[in-house]
Amino acid sequence: MPVITIWVQSSSETSVDERWVEDFNEANDDVQVEYRSMPSDRFANDLMLAMRTDEGPDIFHGPSPAEVVNPGFALPLDDYLSDETRQEFDGYLEGSFDYIIQDSIYALPYKFNGTRLLINRDLFEEAGLGPDSPPQTFSEVEEAAAAITESSGGDAYGFAVPLAWNGVFQNHIEPLAMAVNPNLTRVGLFDRERQEFAMEEFEPILQLYRDLQADGSMFPSVGTLDRDSLRSEFANGQVGMYVGSSLEVGVMNDALETDVDWDAVRLPVPDGMEYQRSSGTVVAGGFVSSQTEDPELAVRVYEEWLSADRTCELVKEGHIIPVLDSLQECVPTDIHGYEQFVPSDDLLDTPDPIAPGNALRISGTPYEEIIAELAVTDTELAPALQELSARYTEAYQEGVQSGELDASDYS
């Protein structure tokens with residue numbers, strides 16, 4: 001009997017997946033699924049090594065689309081998707097999504113990751129601040145952070161950012177810039193209207209981080225703080241604010257079981273600028289390997305894995321925010337923090353446009369390393385950011401001129 005293998009990163013979704021695999025295998029006598037959940041800290045390396053040696057799974061979930069499409073590891077799905085799937089995902093199989101590359105569909109979407117400012121309501125109240133009136137601007141963030149740090153007597157800090165985590169740029173830093181400029185993308189702040197990188201827009205964010213460190217209200221050792229540690233410190237009541245995604249709901253409620261009274265609110269913006277959107281990502285629900293021996297069978301399993309039945313269970317248990325309108329009836333009302341991440345007209349939640357950053361051939365130090373260094377040093381910001389923008393824009397233009405990139409995908 002054929003066996004289709006699925007590899008994923010360990011997450012709060014694993015328990016739902018394991019139930020789905022058991023049900024699928026009981027219901028099908030012509031194919032079985034072998035499911036493997038792997039630690040997230042080594043998943044990407046193990047997966048890419050396996051793919052390079054033709055020993056990878058039939059279906060996998062984790063890396064960004066560009067990381068697996070560019071080296072040819074992902075199967076285009078256009079010739080295999082059923083009519084039922086096309087109807088179910090209508091509106092998400094064309095347009096500016098990062099899993100649609102050069103007009104080919106490489107994945108189906110399954111969740112929306114929105115961005116919010118997480119606040120510890122308890123610490124706000126102890127500092128004499130109104131948690132129902134959270135900071136709207138960077139200067140208000142500084143004032144609130146200082147008040148929280150002072151009132152705690154050194155037991156807590158007003159703000160934290162996990163600079164040691166490699167996803168900090170796309171998930172914590174760049175959304176703050178994108179909140180005031182809807183033309184920007186993640187992965188380096190590419191400006192789709194100007195067709196160039198605009199890393200100068202990092203400046204007010206980096207200045208905020210420097211100011212918070214200078215007055216002692218930033219959680220210490222910011223350069224070595226990773227995401228898991230930040231989450232633990234917040235869950236333990238030692239952090240007042242941080243930028244996070246809808247993934248925090250499952251982490252706070254299930255993984256860490258925090259007793260903190262926390263909330264998720266609108267992102268703050270630089271002083272004098274207007275809030276215009278909350279950036280969010282329509283997340284690809286995994287990929288079918290280009291190396292699979294039976295593409296039709298693998299895609300059939302993939303479609304069932306991302307079917308409404310399984311996805312509804314993920315929604316009901318609060319693991320994901322649904323993309324499809326048909327799943328809104330599955331949205332829970334009794335899970336702490338969940339509703340605050342559901343896309344809202346008031347918060348102007350919009351899916352992020354496709355970004356060219358991961359597809360560039362970059363020479364020199366990657367922007368992530370330079371931004372991380374600028375956040376904790378006193379190097380003059382403007383020249384460093386201008387150099388980054390120029391270098392990345394040049395790489396983009398070279399990619400367009402060589403035909404590796406299609407400018408229409410990023411406009």
Side-chain angles (χ1 to χ4, degrees), residues 6-20 35 37 40 43 59-68 74 77 85 88-93 95-100 105-116 118 167 170-172 175 186 227 243-255 264 277-288 302-333 335-344 347 349-355:
I6 301 177
W7 288 8
V8 302
Q9 296 185 63
S10 298
S11 72
S12 60
E13 301 171 23
T14 301
S15 60
V16 174
D17 273 344
E18 289 173 342
R19 294 198 300 270
W20 175 84
Y35 178 84
S37 176
S40 59
F43 176 79
I59 298 170
F60 54 90
H61 184 255
S64 71
E67 289 178 284
V68 294
L77 303 179
T85 294
E88 182 178 1
F89 289 89
D90 184 43
Y92 291 94
L93 299 182
S96 181
F97 298 105
D98 64 359
Y99 52 84
I100 299 177
I105 304 166
Y106 285 92
L108 296 174
Y110 85 118
K111 68 179 178 181
F112 182 83
N113 274 353
T115 311
R116 302 285 187 263
L118 273 74
Q170 288 85 46
N171 293 278
H172 291 251
R186 301 193 194 210
R227 180 173 64 165
V243 174
S245 75
S246 47
L247 298 175
E248 312 308 309
V249 176
V251 173
M252 291 300 150
N253 294 334
D254 301 327
R277 66 174 292 228
S278 177
S279 66
T281 54
V282 175
V283 180
F287 307 88
V288 176
Y302 177 77
E303 288 178 315
E304 292 203 36
W305 187 44
L306 291 177
S307 67
D309 289 343
R310 167 183 169 266
T311 309
C312 185
E313 287 301 308
L314 291 171
V315 173
K316 284 180 178 178
E317 296 186 14
H319 300 301
I320 67 171
I321 307 295
V323 168
L324 302 179
D325 291 339
S326 61
L327 294 173
Q328 291 304 312
E329 62 184 21
C330 305
V331 170
T333 58
I335 294 178
H336 189 156
Y338 186 95
E339 290 185 274
Q340 287 90 324
F341 279 100
V342 173
S344 154
L347 295 178
D349 288 282
T350 51
D352 293 343
I354 187 171

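Numbers here are sequence positions counted from 1.
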Exercise for review: Check the pair His319 / Asp254 against side-chain contact (heavy atoms from CB on, under 4.5 Å), numbers first and verdict last.
Suggested key: CA-CA 9 Å; His319 300 301; Asp254 301 327; 4.1 Å; yes
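- Side chains of Val323 and Phe89 form no contact here, defined as non-hydrogen atoms less than 4.5 Å apart.
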Check your understanding: Would Leu118 and Val243 count as a side-chain contact (heavy atoms from CB on, under 4.5 Å) if you check the C-alpha gap in whole Å, the side-chain angles of each, and the deciding distance to 0.1 Å?
Key -> CA-CA 6 Å; Leu118 273 74; Val243 174; over 6 Å; no
Practice item. Please test Tyr302 against Ile6 for side-chain contact (heavy atoms from CB on, under 4.5 Å), starting from the C-alpha separation and ending with a verdict. Key: CA-CA 9 Å; Tyr302 177 77; Ile6 301 177; over 6 Å; no
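- At least one donor-acceptor pair under 3.5 Å links the side chain of Ser278 to the backbone N or O of Thr115.
- Asn253 contributes a side-chain N or O that, together with a main-chain N or O of His336, makes up a donor-acceptor pair within less than 3.5 Å.
- Separating the CH2 atom in Trp20 from the OG atom in Ser15 is a distance of 14.5 Å, to the nearest 0.5 Å.
- The shortest non-hydrogen separation linking Ile105 to Ala107 is CG2-O, 3.4 Å.
- A pairwise comparison of heavy atoms in Val16 and Arg310 identifies CG1-O, 4.2 Å as the closest pair.
- Side-chain contact between Ile59 and Trp305 is present, with at least one heavy-atom pair separated by less than 4.5 Å.
- In this structure, the side chains of Pro332 and Lys316 stay at 4.5 Å or more apart for every pair of heavy atoms.
- Here the CG-CG distance, from Leu108 to Leu77, works out to 6.0 Å after rounding to the nearest 0.5 Å.
- With contacts defined as side-chain heavy-atom distances shorter than 4.5 Å, the pair Arg227/Leu247 qualifies.
- Within the 4.5 Å cutoff, no side-chain heavy atoms of Thr281 are placed close to those of Phe112.
- Residues Ser37 and Gln9 fail the side-chain proximity criterion, which asks for heavy atoms closer than 4.5 Å.
- Heavy atoms only, all atoms of each residue included: Glu339 and Thr333 are closest at OE1-O, 3.9 Å.
- Residues forming a salt bridge (Lys or Arg N to Asp or Glu O under 4.0 Å) with Glu303 (at least two apart in sequence, or on another chain): none.
- Residues Arg116 and Asp349 form a side-chain contact, since some pair of their non-hydrogen atoms from C-beta on lies under 4.5 Å apart.
- Scanning both residues, Ile320 and Glu13, for their nearest heavy atoms gives CG2-OE2, 3.4 Å.
- Using modelled atom types and a 3.5 Å distance limit, the side chains of Asn113 and Ser246 yield a donor-acceptor pair.
- Distance OG1/Thr85 to CG/Leu93: 8.5 Å, rounded to 0.5 Å.
- Centroid-to-centroid, the aromatic rings of Phe287 and Tyr106 stay 6.0 Å apart or farther.
- Aromatic pair His61/Tyr110: ring centres closer than 6.0 Å.
- In this structure, Pro109 and Tyr92 approach most closely via the heavy-atom pair CG-CB, 3.7 Å.
- Contact annotation: the side chain of Leu327 never approaches that of Lys111 to less than 4.5 Å [non-hydrogen atoms, C-beta and beyond].
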Practice item. Please test Asp98 against Arg186 for salt bridge (Lys or Arg N to Asp or Glu O under 4.0 Å), starting from the C-alpha separation and ending with a verdict. Key: CA-CA 11 Å; Asp98 64 359; Arg186 301 193 194 210; over 6 Å; no
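- The two residues Pro351 and Val282 have their closest heavy-atom pair at CB-CG2, 3.7 Å.
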Check your understanding: Which is it for Ile321 and Val315 under the side-chain contact (heavy atoms from CB on, under 4.5 Å) test, yes or no, and what are the steps along the way?
Key -> CA-CA 6 Å; Ile321 307 295; Val315 173; over 6 Å; no
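- A donor-acceptor distance shorter than 3.5 angstrom exists from the side chain of Ser307 to the backbone of Glu304, with no hydrogens or angles considered.
- Separating the CD atom in Glu248 from the CG atom in Asn171 is a distance of 8.5 Å, to the nearest 0.5 Å.
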